Amino acid sequence: MMRLFRAALVQLQVGKDRCTNLENAAKLIAEAKQGGANLIALPECFNSPYGTKFFNEYAESVPNGPTCEMLSKAAKDHSIYLIGGTFPEIENNKLYNTCTVWGPEGKLIAKYRKMHLFDIDIPGGITFKESDVLQAGNELVTFDFNGIKVGLGICYDLRFEELAKLYRLQGCEILIYPGAFNMTTGPIHWELLQRARALDNEVYVFAISPARNDKGYIAWGHSQITNPWGKVTAQASYKEEIIYDDIDLTECDKIRQQIPIFNQRRTDIYDTIKKL
Ligand SMILES: O=C(O)CCC(=O)C(=O)O
C-alpha cells in the first residue's frame, strides 16, 4: 500500500478554443509528470469557458469525445492517475458537470456528476444558475488509488459537509474537488471551506481551479492542498501554474489516532434527533 506520493494540481488557463485547451492541458500534464507527480488533477470546466451558455456547445459523451481521448492517452503515456477536472457531459440529451478519473493504463476508473448545482444570487456580486441547463448527479463516487480511497466532489459540493462526511464514513482519506470559485465568494470562502472539510473529516482535500481570466467568468484561482489537520500545505496564485505537494498519508493515521473524533461521535443521541 502506498502511503507516500507526490500530487500535482494543474491550474490551467482556459479559453474559448477547445482544441487549444486540450493541447495546453496535455502539455502541462506532461510537465507535472516531469515534476515527479503520480497523481495529477485538473480544474473544473477545463475544456470550455465556464458559463451556462457554453455547456451545450462543449458537451461530450463519456468516454467517446476528444476530451476523454486526451485524458485517457495522457494517463497512459505518463502512467499516472489523472483526475480529469470537469467538462460538460451529454447523455440522452441531458447535460451534467462531470469529473472523470483515469488510471495508469488509460482506463476510465470513475465518473462523478456534480451533485449540488451552483445556483446562487448575490446582488452586485455573483448570480449563477447551473440548474437552468444542467441535471444534478445522484451518486457518491470513490476510486482506489493504490490502496487509498479517494472521494470526488465538484466546486459547490464543497459547501455541503454531509457529502464529505459520507465519504469519510466510507473510508476516504482524500477528497478531490475540481472547482472554479469567483471573485465574490472566492476570497472569503474558498480556503475556509477546504480547511473545514479537511479538519471535520480528518482527510486531505485537494481543490483545483482554472487560472484567472480577464473576461467572462473570472475564476478565483488559488488551487489548494489542505492536510487532515486543516493546514494549507500548498496554494497557487491566480495565474496558470502547477503546484506540488508530497503527501504522507500517515498524517491521516496520526490525527485520527490522536484526536479520535470518529470514535467519539454520539450517534446514540444524533440518531434519536428528527432529521429535517
Ligand atoms: O460556491 C461558490 O461560491 C462557487 C461555486 C462554483 O463556482 C461552482 O459550483 O462552480
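The model shown is predicted, which means the values in this text are computed figures rather than measured ones. Counting starts at 1 for both ligands and their atoms, in listed order.
Ion pairing between Lys16 and Glu57 fails under the 4.0 Å rule for side-chain N and carboxylate O. Salt-bridge formation is detected for the pair Glu60/Arg18: a Lys NZ or Arg NE/NH1/NH2 atom is positioned less than 4.0 Å from an Asp or Glu carboxylate oxygen. Salt bridge annotation for Glu202-Arg168: present, with a cationic side-chain nitrogen under 4.0 angstrom from a carboxylate oxygen.
Of all atoms in ligand 1, listed by their number and element, those nearer than 4.0 Å to a heavy atom of Arg159 are 1 (O), 2 (C), 3 (O). Within ligand 1, counting atoms from 1 as listed, the ones closer than 4.0 Å to a heavy atom of Thr185 are 2 (C), 3 (O). Heavy-atom proximity to Cys155, at under 4.0 Å, picks out these atoms of ligand 1: 5 (C), 6 (C), 7 (O), 8 (C), 9 (O), 10 (O). Short contacts between ligand 1 and Tyr217, defined as distances under 4.0 Å to a heavy atom of the residue, involve ligand atoms 7 (O). Near Lys114, meaning under 4.0 Å from any of its heavy atoms, are these atoms of ligand 1: 8 (C), 9 (O), 10 (O).
Side-chain polar atoms of Tyr50 and Glu130 form a donor-acceptor pair below 3.5 angstrom.
In terms of polar-atom proximity, Tyr50 is counted as a contact of ligand 1, with an N or O under 3.5 Å from an N or O of the ligand. Annotation: Ala180 places an N or O atom under 3.5 Å from an N or O atom of ligand 1; distance criterion only.
A cation-pi arrangement, defined by a distance under 6.0 Å to the six-membered ring centre and an angle within 45 degrees of its axis, is absent between Arg265 and Tyr270.
Using a 4.5 Å cut-off on side-chain heavy atoms (C-beta onward), Val62 and Tyr96 make no contact.
Neither the backbone nor the side chain of His189 comes within 4.0 Å of ligand 1, counting heavy atoms alone.
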